[in-house]
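Remarks on the structure that follows.
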Amino acid sequence: MGRSPCCEKEHTNKGAWTKEEDERLIKHIKQHGEGCWRSLPKAAGLLRCGKSCRLRWINYLRPDLKRGNFTEEEDELIINLHSLLGNKWSLIAARLPGRTDNEIKNYWNTHVKRKLISRGIDPQTHRCLNANNKNPRNVSMQTDDETIAIRNDVGFKVIAAAEEYSNCSSVEFLHPQINLDLSIRPPHLY
DNA sequence: AAGCACATCAACCGCCAGGCG
DNA sequence: TCGCCTGGCGGTTGATGTGCT
């Protein structure tokens, strides 16, 4: 026996949301606010499960979403936060107003990963992909991307050493403007 | 123009933690 | 204390778009 489903699967729509469904969801939340997701679909006249409604609202319909391409600053912020937090997309998203965890996760998997690999950086560990490149004396033999990777790797060690002598994390060390207070609060309070 | 491969991203799934009776 | 319920999260899927041959 598997776990019980989150809702009555036979009577719910799945897949892409229609314009009418979006409008119903927006109208309901505008009138009643974000309440109990489980009971929302029935109250809003939607044949969807609560989870689906929540996801649609959080990731697509919320009025405070930024949409559009990520800026270079956001790129670097994501990379730095990921190096500290790993795949904690919700925590990373909390540092980027108007962005959702799903959006950042997708962006990471489609763009940032490749960007780091092209720099010779392992996207999971944020360290040099090729161990041979770790020797700074080899720099003259490297391409630009490889050189950047070596600098990053050397920088990583320097930062790690610096952290030992201060209470400051590497992201704060490199980007003092980044707020690393990871306590949870509504996005408008950041 | 057609067919294929690859990229993108919205949406789903299953798991987990925390609240509550 | 225990078990159920719900919300939230990260991983994954699949439909659609885009570029190339």
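Throughout, a chain's letter reflects where its sequence line sits, starting with A, and its residues are numbered from 1.
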Ignoring backbone atoms, test whether A:Arg56 places a side-chain nitrogen or oxygen under 4.0 Å from the OP1 or OP2 oxygen of B:dA11.
yes

Which atoms of nucleotides 4-8 of chain B (N or O only) lie under 3.5 Å from a protein N or O atom, and what are those distances?
from	atom 1	to	atom 2	distance (Å)
B:dT8	OP1	A:His111	NE2	3.2
B:dT8	OP2	A:Thr110	O	3.2
B:dT8	OP2	A:Arg114	NH2	2.5

Would A:Asn106 and A:His111 count as having a side-chain donor-acceptor pair, cut-off 3.5 Å?
no

If you take atom types as modelled and just measure distance, does the side chain of A:Asn59 reach the base of B:dA11 with a donor-acceptor pair under 3.5 Å?
no

Taking CD1 from A:Ile92 and P from C:dG11, how many angstroms apart are they, rounded to a whole number?
10 Å

Between A:Leu40 (CG) and C:dT6 (C1'), how many Å, whole number?
14 Å

Check the distance between B:dA10's P and A:Glu21's CD and give it to me in whole angstrom.
16 Å

Is the backbone of A:Arg67 close enough, under 3.5 Å, to the side chain of A:Arg99 for a donor and an acceptor to pair up by distance?
yes

same_hphob_cluster(A:Leu116, A:Phe70) at 4.5 Å side-chain heavy-atom cutoff
yes

Kindly compute the distance separating CZ (A:Arg127) from CG (A:Asp122), expressed to the nearest 0.5 Å.
10.5 Å

Whole-Å distance separating the CH2 atom of A:Trp108 from the P atom of C:dT12
16 Å

At less than 4.0 Å, is any side-chain N or O atom of A:Lys14 found next to OP1 or OP2 of B:dC13? Yes or no.
yes

Rounded to whole Å, how long is the line connecting atom NE2 of A:His82 with atom C1' of C:dG11?
13 Å

Rounded to whole angstroms, how far apart are CG on A:Asn109 and P on C:dT12?
9 Å

Would you mind reading off the distance between A:Leu61 atom CG and B:dA10 atom C1', rounded to a whole angstrom?
11 Å

Side-chain N,O (A:Arg38) to OP1/OP2 (C:dC4) below 4.0 Å:
no

Are any side-chain N or O atoms of A:Glu21 and backbone N or O atoms of A:Thr18, one a donor and one an acceptor, separated by less than 3.5 Å?
yes

Can you measure A:Tyr107 atom OH to B:dC9 atom P for me and round it to whole angstrom units?
10 Å

Would you check if there is a donor-acceptor pair between the side chains of A:Asp75 and A:Tyr107 at a distance under 3.5 Å?
yes

Interface polar pairs with nucleotides 8-10 of chain C, N/O, under 3.5 angstrom:
from	atom 1	to	atom 2	distance (Å)
C:dG8	OP2	A:Arg54	NE	2.9
C:dG8	O6	A:Lys51	NZ	2.7
C:dG10	OP1	A:Asn87	O	3.3
C:dG10	OP1	A:Trp89	N	3.0
C:dG10	OP2	A:Trp89	N	3.4
C:dG10	OP2	A:Ser90	N	3.1

Are A:Glu23 and A:Lys30 close enough, and set up right, to give a salt bridge (Lys or Arg N to Asp or Glu O under 4.0 Å), and what steps lead you there?
CA-CA 10 Å; A:Glu23 283 164 2; A:Lys30 273 184 180 168; over 6 Å; no

For A:Arg67, which contact category applies under a 4.0 Å heavy-atom criterion: base, sugar-phosphate, or nothing?
sugar-phosphate

For the hydrophobic clusters of this structure (ILVMFWY residues joined by side-chain heavy atoms under 4.5 Å, transitively), does one cluster hold both A:Ile104 and A:Leu65?
no

Quick one: is the NZ or CZ of A:Arg48 closer than 6.0 Å to the six-membered ring centre of A:Trp17, and within 45° of its axis?
yes

